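For reference, the structure is listed below as structure tokens.
All ligand and atom numbering here is 1-based and tracks the order in the structure. Keep in mind that this is a model prediction, so the values were computed, not measured.
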Amino acid sequence: MSTSIRVSLGERSYDILTAPSYAALPPALARLGLPRWACVVSHPALLDRFGAGLLGPLRRAGWDVKTITVPESERSKSYAMAERVLQQLARLAVMQEPLLLAFGGGVVGDLTGFVASVFRRGVPYVQLPTTLLAQVDSAIGGKVGVDLSFAKNFVGTFYQPRLVVNHLGVLRSLPLRQRRSGLGEVIKYGVMADRELFRYVETHAGKCVEGRPAALRVIVPRCCRIKARVVSQDERETRGLRTHLNFGHTLGHAIETATGYRRFTHGEAIAVGMVAASRISVEMGLMPPADASRVEALLRATGLPTRAAGVSWPAAARAMRFDKKFLHGRMRWVLSRGIGRVVVRQDVPPALVERVSRSCLTGLGRP
Ligand code: GLY
């Protein structure tokens, strides 16, 4: 069974299809009138495993499909890699009007979208996310770009895809660590906007971690609906609403950057960031302590870390200075008013940030 969720952005509107295969992709591309010359950007292992299920239907439907591969690592989300992909694409797409297909997780999606936004001043692209994290979050909303070595997601733009197709079957082979990482974003949506979703993951944590199809059919469209609503209302993060999606990301991004994007997955880093944001929310008198305990308990139940042991506070603090939520020299924090509600605050005392962050970066507790 397929579901379709609309991101409403006027003439840049598009659908998020959740489907059991890529069979629906060629007719959807044809309906959109997208070019018949396509280049899939992906990882070699992913193409080996699932390439036939993607390229087969496209080629049978008359698409001329080429591929470009990048290594499977956050470090592929770099300016240097974008240039390499641009050069390969320029050589492949001679005298062709290209369509780019981002077939991978958040790294491939962000990188491909960025390349699409600048290649010949912009060509269409479609997101085919293959991780839980990308299906529920990063593939939707058109935030594309690359990291700098000292600042995550620091170079980029808003450039919406023409379509997102979430094939739930590809999630079945995701490594456990990747499934857990995606659940970090799912839990974020629960804290941010959906108590019922949070309760669902609490009740069915085991099934969610195992990636059971019945659980995925609930959580993926539910998160996509929230993301579509937020992006439709605040595409460029100018109304404060899209900022809500960054609950847990302030310390989370800092942890990723301070560890060279190598030690923690994005979901693991934001899990620790959500613990910090929840604790700050409690200390600011916003969040009931029992709700903060539920957040920590759920992160543990899904096998996500609640501490980033061994990350130095000075390194995290340095990375935090490059957080894009800074406004007029002041850090904006996304805090919780209780599960299901968040608020953006600019008045978190730096001493509180340091104390709470340090408590999340000690060697005590889970790694
Ligand atoms: N992942 C946060 C956003 O799309 O705004």
Nearest 0.5 Å please: distance from the CG atom of L216 over to the NZ atom of K207.
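So the gap between those two atoms works out to 12.5 Å.
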Spacing of I140 atom CD1 and Q135 atom CD [to the nearest 0.5 Å]:
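Going from the CD1 atom of I140 to the CD atom of Q135 covers 9.0 Å.
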Under 3.5 Å donor-acceptor pairs involving side-chain atoms of residues 343-354, not counting sequence neighbours:
{"residue": "R345", "atom": "NE", "partner": "D347", "partner atom": "OD1", "Å": "2.9"}
{"residue": "R345", "atom": "NE", "partner": "D347", "partner atom": "OD2", "Å": "3.4"}
{"residue": "R345", "atom": "NH2", "partner": "D347", "partner atom": "OD2", "Å": "2.8"}
{"residue": "E354", "atom": "OE2", "partner": "R358", "partner atom": "NE", "Å": "2.9"}
{"residue": "E354", "atom": "OE2", "partner": "R358", "partner atom": "NH2", "Å": "3.1"}

Determine all donor-acceptor pairs shorter than 3.5 Å in which one atom belongs to a side chain in residues 79-107; sequence neighbours excluded.
{"residue": "E83", "atom": "OE2", "partner": "Q87", "partner atom": "NE2", "Å": "3.1"}
{"residue": "R84", "atom": "NH2", "partner": "T69", "partner atom": "O", "Å": "2.9"}

Counting only heavy atoms and a distance below 4.0 Å, can you name the residues contacting ligand 1?
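Answer by chain and number: D137, K143, K227, R242, L245.
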Name every donor-acceptor pair, under 3.5 Å, that has one atom in a side chain of residues 189-198 and the other anywhere in the protein, sequence neighbours excluded.
{"residue": "Y189", "atom": "OH", "partner": "V136", "partner atom": "O", "Å": "2.7"}
{"residue": "Y189", "atom": "OH", "partner": "D137", "partner atom": "OD1", "Å": "3.0"}
{"residue": "D194", "atom": "OD1", "partner": "E196", "partner atom": "N", "Å": "3.2"}
{"residue": "D194", "atom": "OD1", "partner": "L197", "partner atom": "N", "Å": "2.9"}
{"residue": "D194", "atom": "OD1", "partner": "R222", "partner atom": "NH2", "Å": "3.2"}
{"residue": "D194", "atom": "OD2", "partner": "R222", "partner atom": "NE", "Å": "2.8"}
{"residue": "D194", "atom": "OD2", "partner": "R222", "partner atom": "NH2", "Å": "3.4"}
{"residue": "R195", "atom": "NH1", "partner": "I339", "partner atom": "O", "Å": "2.9"}
{"residue": "E196", "atom": "OE2", "partner": "R199", "partner atom": "NH1", "Å": "3.0"}

Under 3.5 Å, is there a donor-acceptor pair between the E237 and T243 side chains?
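There is such a pair between these side chains.
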